[in-house]
Structures are given as C-alpha cells and as structure tokens.
Amino acid sequence: MRALILLLLCLLPAFACAQEDSDWIAYRDAYRQMIWFEKYGKPKQFLQNHYRLRPRDKNVSMDGVRLTLNSKATQVSLALDALGRAVFPFSKAAYDDNAELVVNRKASQFKAGPWVSIVTRPDGVYTAADLRTACEQQLAYLRYSGVNAGKGCVGVQFTYGRSDTAQVQFHASGAAPVTLAVKDGPAFADDVVQNLRVVVYRFASLPEAGQLVTGSTPLAIAGLFE
C-alpha cells in the first residue's frame, strides 16, 4: 500500500521526485530492466548481469549498505559484493505483489540498475582470445541495450580492492612473463569511486596469442571501449 500511495503521488508535478527521497526501488521497474539480459539472444557466455547500487557521490560509503526484497509473502536479503552488485531474484510472485527493493539508506544516494561485466575464472587463467571475445560480447550487449559505450574494444581491465593481491601477468609461448602495471582507478567507467587497484590489458600492446594469469580473483573484469 505504501508503494502504491507513493507511486500515485509521483504522478503529480509537486511530488515528481518523491521516490528519490525514499528508501525503496520498485521491484517491477528493476525486473523490466534486468529481463533484457535474460532475453538477449546473441552470444553472452563470457558475460554476467547483476543488479547494482553505486554511489552518486564519492563521499557516500558502501559500508553497511543492505538491499532487501520485500513482498507480501517474504523478505529476502540480497547480498552485495564489494562493488555493490547483487544477483537479481526473478520472481513472478514478487512482480505480481508489486514488491519493493529496500535500501537501508536513502535510495537517492545511489544509482541503481543492471550492470553487465565479464565473468571471472576461479583458476585465474584467461586466454587472450577469450578476453577479446568477452569484450566484443559486452560491447554488443551494451549497444543492444542503448548504451553508447564506444567505437570498439581496445582491451579489458581487472579491478582489485586496496588490500587484494593485484597482479596480472601475460604469458606467451617462448617468452618471459610480462607483469602488467597496477594503478589507482575506478572499477568501471563513470564510477565516482576512484581508489581501487586496476590493471589494464590493452590488446594492441602485447602479442595476440597468450594467456593472462591473475595472482588472485579480481573484483571485476570490464571491457575497455574507445
């Protein structure tokens, strides 16, 4: 009932921003956004899609942020990773109930929505060819979903937390391993949080054939588009 009342108020000009000052997000809206990836019919075996909360301001901390699905029948806590991503629960019952995704902060502090990234491997070994394909798949999906990501794939970026072992080496047959440079930066383009550890692998800077070996599992892998 609370969600319905706020929704009706938001239809009035005086209350156009009412939901921005609340602590909830309409599950139906999130569902409609997330289902695009599920219905996408082109290759996506190297991609994963999460529902993500990310700060609008660099001074907004993600520490202690919780996201909960509240419906008539149940209350489910959605685990957020270090980058604010959660596995989205597709539920017809929650959709029919007009459920809410409740944030334990003001929802207006965050941008919320689908977030596609490249799947990480538990063994930490990525072939250069697979990373090129993954980047192309991500770019194709972003274009399909209406995002102007860039003209083409130029590489991928591995992101680590400040206390993680941020090490990525390129291995090519008959050559010594090349350790890629580590720098500070954001996990994804346009993120306001800039103090993570990132390793950039540009396709043109190393041989086409080879493997990328990581010292530990990165928080995320994302395509670089220019």
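- Side-chain contact annotation: Thr217 with Arg121, donor-acceptor N/O pair under 3.5 Å absent.
- The nearest pair of heavy atoms linking Leu212 to Leu180 is CD1-CD1, 3.9 Å.
- Proximity of a side-chain donor or acceptor of Ser71 to a complementary backbone N or O of Ala99 within less than 3.5 Å is not detected.
- Between the side chains of Ser117 and Gln48, at least one donor N or O sits under 3.5 Å from an acceptor N or O.
- Not one N or O on the side chain of Arg143 forms a donor-acceptor pair closer than 3.5 Å with the backbone of Asn148.
- The main-chain N or O of Leu83 is found under 3.5 Å from a side-chain atom of Arg52 such that the two form a donor-acceptor pair.
- Hydrophobic clustering, with ILVMFWY side chains joined whenever heavy atoms are under 4.5 angstrom apart, keeps Val200 apart from Phe203.
- Nearest approach of Pro218 to Phe158, heavy atoms of both residues: CG-CD2, 4.0 Å.
- Although no hydrogens or angles enter the test, the distance criterion places no donor-acceptor pair under 3.5 Å between the side chain of Tyr201 and the main chain of Ala128.
- Annotation for Leu139 and Lys151: closest pair CD2-O, 4.4 Å, computed over non-hydrogen atoms.
- Residue-environment remark: CZ (Arg66) stays at or below the threshold of 12 foreign heavy atoms within 6.0 Å.
- Under the 4.5 Å side-chain heavy-atom criterion for grouping Ile, Leu, Val, Met, Phe, Trp and Tyr, Val168 is connected to Phe170 within one hydrophobic cluster.
- Between Arg105 and Asp23 there is no salt bridge, since no side-chain nitrogen of the basic residue lies less than 4.0 Å from a carboxylate oxygen of the acidic one.
- Between the side chain of Gln138 and the backbone N or O of Ile118 there is no donor-acceptor pair closer than 3.5 Å.
- Under a hydrophobic-cluster definition in which Ile, Leu, Val, Met, Phe, Trp and Tyr are linked whenever side-chain heavy atoms come within less than 4.5 Å, directly or via other members, Leu206 and Val156 are assigned to the same cluster.
- With Gln157 contributing its side chain and Ala187 its backbone, the two residues share a donor-acceptor pair below 3.5 Å.
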- When you look at Val65 and Leu53, which way does the side chain to side chain contact (heavy atoms under 4.5 Å, CB included) test go after all the steps? CA-CA 9 Å; Val65 175; Leu53 299 178; 4.1 Å; yes
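- With a 4.5 Å cut-off on side-chain heavy atoms, Thr68 and Val76 do not count as touching.
- Side-chain contact check for Val198 versus Val182: every heavy-atom pair is 4.5 Å or farther apart.
- Here the CG-CZ distance, from Asn98 to Arg28, works out to 4.0 Å after rounding to the nearest 0.5 Å.
- Ala220 and Phe188 get closest at one heavy-atom pair: CB-CZ, 3.6 Å.
- Side-chain N/O atoms of Gln75 and Asn70 include a donor and acceptor closer than 3.5 Å.
- Under the 4.5 Å side-chain contact rule for hydrophobic residues, Leu131 and Leu47 share a cluster.
- With a 4.5 Å cut-off on side-chain heavy atoms, Cys135 and Phe225 count as touching.
- The only option from Asp164, Asp184, Thr165, Thr159 that meets the side chain to side chain donor-acceptor pair (under 3.5 Å) definition with Arg197 turns out to be Asp184.
- A salt bridge is defined here as a Lys NZ or Arg NE, NH1 or NH2 lying under 4.0 Å from an Asp or Glu carboxylate O, and Arg202 with Glu226 meets this definition.
- When all heavy atoms are compared, the tightest approach of Gly161 to Leu219 is N-CD1, 3.5 Å.
- Residue-environment remark: CD (Gln45) exceeds the threshold of 12 foreign heavy atoms within 6.0 Å.
- You'll find the side chain of Tyr40 reaches within 4.5 Å of the side chain of Lys42, heavy atoms only.
- For the atom pair CG (Leu67) and CG (Leu80), the distance works out to 5.5 Å, reported to the nearest 0.5 Å.
- Follow the hydrophobic side-chain contacts under 4.5 Å out from Leu196 and you never reach Val60; the two are in separate clusters.
- Taking the side chain as every heavy atom from C-beta outward, Val103 and Phe110 approach each other to under 4.5 Å.
- Between the CD1 atom in Ile25 and the CG atom in Leu69 there is a gap of 11.5 Å [rounded to 0.5 Å].
- The line from CZ of Arg132 to CZ of Phe46 is 13.5 Å long, rounded to the nearest 0.5 Å.
- Side-chain atoms of Tyr95 and Arg32 include a donor-acceptor pair closer than 3.5 Å.
- No side-chain heavy atom of Tyr51 sits under 4.5 Å from any side-chain heavy atom of Arg85.
- The CE atom of Met62 sits 10.5 Å away from atom CD of Gln109, with the distance rounded to the nearest 0.5 Å.
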- Report the C-alpha separation of Trp36 and Tyr144 in whole Å, then their side-chain angles, then the decisive distance to 0.1 Å, and conclude whether the ring-ring contact (aromatic ring centres under 6.0 Å, His included) test is met. CA-CA 9 Å; Trp36 275 68; Tyr144 160 81; 5.4 Å; yes
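- Val178 places none of its side-chain heavy atoms less than 4.5 Å from the side chain of His171.
- Of the candidates Tyr27, Trp115, Phe37, Phe88 forms a ring-ring contact (aromatic ring centres under 6.0 Å, His included) with just one, namely Tyr27.
- Taking each heavy atom of Thr120 and Tyr126 in turn, the nearest pair found is CA-OH, 3.4 Å.
- Checking Gln169 against Gln211 by side-chain atom types alone, no donor-acceptor pair falls below 3.5 Å.
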